[in-house]
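Side-chain atoms are counted along with the backbone in the values below, which use heavy atoms only and exclude waters and symmetry mates. The sequence lines fix the lettering, A, B, ..., with proteins before strands; numbering per chain opens at 1.
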Number of protein chains: 2
Amino acid sequence: MNTPRSRGTGLPALTRPDGTPVRVLVVDDDPDLAEVLSGALRYEGWEVRTAGDGASAVTEARELMPDAVVLDVMLPDTDGFAVLRTLHTVHPEVCVLFLTARDAVEDRIAGITAGGDDYVTKPFSLEEVIARLRGLLRRAGMARQLDEGPRLTVGDLVMDEEAREVTRGGELVELSPTEFELLRFLMRNPRRVLSKAQILDRVWSYDFGGQAHVVELYISYLRKKVDAGREPMIHTVRGAGYVIKPVTGR
Amino acid sequence: MNTPRSRGTGLPALTRPDGTPVRVLVVDDDPDLAEVLSGALRYEGWEVRTAGDGASAVTEARELMPDAVVLDVMLPDTDGFAVLRTLHTVHPEVCVLFLTARDAVEDRIAGITAGGDDYVTKPFSLEEVIARLRGLLRRAGMARQLDEGPRLTVGDLVMDEEAREVTRGGELVELSPTEFELLRFLMRNPRRVLSKAQILDRVWSYDFGGQAHVVELYISYLRKKVDAGREPMIHTVRGAGYVIKPVTGR
DNA sequence: GCAACTTCTGAGCAGCCTCTGAATGGGCGC
DNA sequence: GCGCCCATTCAGAGGCTGCTCAGAAGTTGC
């Protein structure tokens, strides 16, 4: 009860300095997407509210005083830039993660994100959004009390998220982007069996239409690189999914 | 917790002698530009306020007692020089960084800035503004506890910001202005993967409309000069961006 | 006003990454 | 022990990313 834990992951939750849950506001005019996002963020143990347009976003923000805002650039009433400015005048400390279409006018985004803010292009994977948000909050000084900082460790497997570097037993392991994200998801849930459906939902973009077969494929890629010639850390649970756990700890 | 760190970078933050964050006032009548600037400065771990005209600038300055002011020369009510004079009577210690159009009366600027202040011509890059501000504050005796002064080091790569000189393993490396600024940004964030979008935001002018392709190009220029025939320090992380790190450091 | 340099665009190319399909292997229920 | 089904792996197509070259346009300094 002392170290707060997020509901979903086995890791200590990322909380505010006073121990209360991180507060996030999700702003998107697509209710389905907002629902998926807020579900995933609640799973992280965070307090989430949603808004469908710029006006209610500002209202909600005033009331909730969120630590971070996930903000679609294209809104029915205004654009994200105006909302950002209002938010910052109301609450200068808030971090903003923008959601934008890949081919959207990137130069405008470029200006917006110049500060501590960040953006993700649609379609994104939930892991990516969560990772970016965690990065933003960490950099804003939110992570303080519990930090392993930006480093994930399972046994002798270490992932440095900022440097995007993975080592096993001190040896460098080179991973492709998807492999990296898959491993990150596994490592953020050590000793927990993750179903292929869960993995697909989290690691692949929400509009991915493919089969669960890709997960198997990428697990096999990971094994070749991470477990190669060593005591395996990635295990199959037949009919259920996959787990990662330290070799000794069993 | 002893050495204060800036929010964004892993570097020690530049703070006031008493350890509190540097305080900066941004004065520009373009709210978008003011927003981008203050975002970037907050990212450095500084305390920022903004003002849109000369009158509120003076009011804000009286209240905040900033260490530095970023001041647009063209303001709706007065010009920057009048503001400067008022500021100096209120608060003689303050440093001023002027923002000015390229073809503005440069001799007037030159006269004013003789007194230790500095100026940057629009359109500027955020890295440039930040570097100038750091320089001003350092020269005003703000740098105190930390570091290295005007020298950045990553492995055997050394950058002297004031002399605008770069050496690798003692050998001089000659760089064009853009190359220099790109390398500075990389070296201020060692071991951290920087996306092309991030790099564009920071190193190129805020009005640059071009593509991320230029970043690749300039990275290749840098490699030819910095890594030429040596163990490479600049690494590509496919799908993520670029990192600089010392060769030995793994 | 000329020369040297700097910056940026476009095109081509090489290699990597992702995903599909199919063949093979292995565990588990019956 | 048999057969089914789940899981693993291979091979290859296609797309995409990043690197480099060449050249045009703009800028600076003499």
Side-chain angles (χ1 to χ4, degrees), chain A residues 102-103 106-107 110 121 123-125 127-128 164 166 173-183 186 193-200 203-205 207-229 232 234-243, chain B residues 101-103 106 121-125 127-128 164 166 173-183 186 193-200 203-228 232 234-243:
Chain A
R102 178 168 302 275
D103 49 357
E106 296 224 8
D107 40 37
T121 57
F124 46 78
S125 73
E127 265 304 289
E128 196 176 346
R164 261 192 123 77
V166 175
V173 178
E174 301 205 14
L175 300 176
S176 81
T178 306
E179 289 161 4
F180 183 87
E181 213 138 285
L182 172 56
L183 183 59
L186 293 174
V193 179
L194 301 166
S195 73
K196 283 173 222 173
Q198 248 175 320
I199 293 174
L200 261 188
V203 176
W204 270 260
S205 321
D207 70 341
F208 178 71
Q211 302 299 319
H213 174 61
V214 270
V215 177
E216 298 164 7
L217 185 60
Y218 270 85
I219 287 284
S220 101
Y221 291 159
L222 267 191
R223 289 210 246 244
K224 252 185 256 175
K225 294 182 176 179
V226 172
D227 286 345
I234 301 171
H235 306 273
T236 305
V237 182
R238 205 145 224 276
Y242 300 94
V243 215
Chain B
R102 179 167 305 276
D103 49 358
E106 296 224 8
T121 58
K122 295 183 180 182
F124 46 78
S125 74
E127 267 302 291
E128 195 177 345
R164 270 193 113 75
V166 176
V173 178
E174 300 206 14
L175 300 176
S176 81
T178 306
E179 289 161 3
F180 182 86
E181 214 134 283
L182 171 56
L183 183 60
L186 292 174
V193 176
L194 302 167
S195 72
K196 283 174 221 174
Q198 251 174 316
I199 293 174
L200 263 187
V203 176
W204 270 260
S205 321
Y206 54 82
D207 70 342
F208 178 71
Q211 299 301 316
H213 175 61
V214 270
V215 177
E216 296 165 13
L217 187 62
Y218 270 85
I219 287 283
S220 101
Y221 291 159
L222 266 191
R223 289 211 246 243
K224 257 184 248 175
K225 294 182 175 179
V226 172
D227 285 344
I234 300 171
H235 305 271
T236 304
V237 183
R238 210 149 217 275
Y242 300 95
V243 216

Closest heavy-atom pair and its distance - A:Val203, A:Ser125 = O-CB, 3.2 Å

Is the shortest side-chain heavy-atom distance between [X] and [Y] below 4.5 Å?
X        : Y        : answer
A:Gln211 : A:Leu217 : no
A:Val173 : A:Glu179 : no
A:Leu186 : A:Leu222 : yes
B:Trp204 : B:Thr178 : yes
A:Tyr242 : A:Glu216 : yes
B:Ile199 : B:Tyr218 : no
B:Leu175 : B:Leu182 : no

Starting at [atom1] of [X] and ending at [atom2] of [N], how long is that distance when rounded to a whole Å?
X        : N      : atom1 : atom2 : result
A:Glu216 : C:dT24 : CD    : P     : 18 Å
B:His235 : D:dG18 : NE2   : C1'   : 16 Å
A:Ile234 : D:dT9  : CD1   : P     : 11 Å
B:Arg223 : D:dC21 : CZ    : P     : 13 Å
A:Ile219 : D:dC6  : CD1   : P     : 18 Å

Tell me, for nucleotides 7-17 of chain C in 5' to 3' order, what letter each nucleotide earns: B for a base near a protein heavy atom under 4.0 Å, S for only sugar-phosphate near one, - for neither?
-> BBBBB---BSS

D:dG18 phosphate, OP1 or OP2: any side-chain N/O from B:Thr236 under 4.0 angstrom?
-> no

Can you find a side chain N or O atom of A:Lys224 that sits less than 4.0 Å from OP1 or OP2 on D:dT9?
-> no

Side chain of B:Tyr242 (C-beta onward), nearest among D:dT8, D:dC19, D:dC10 | D:dC19

Take the C1' atoms of the five end pairs on each side of the helix from C:dG1-D:dC30 to C:dC30-D:dG1, derive the two axes, and give their angle rounded to 10 degrees.
-> 40°

Checking A:Lys225 side chain against A:Glu174 main chain: does a donor-acceptor pair fall under 3.5 Å?
-> yes

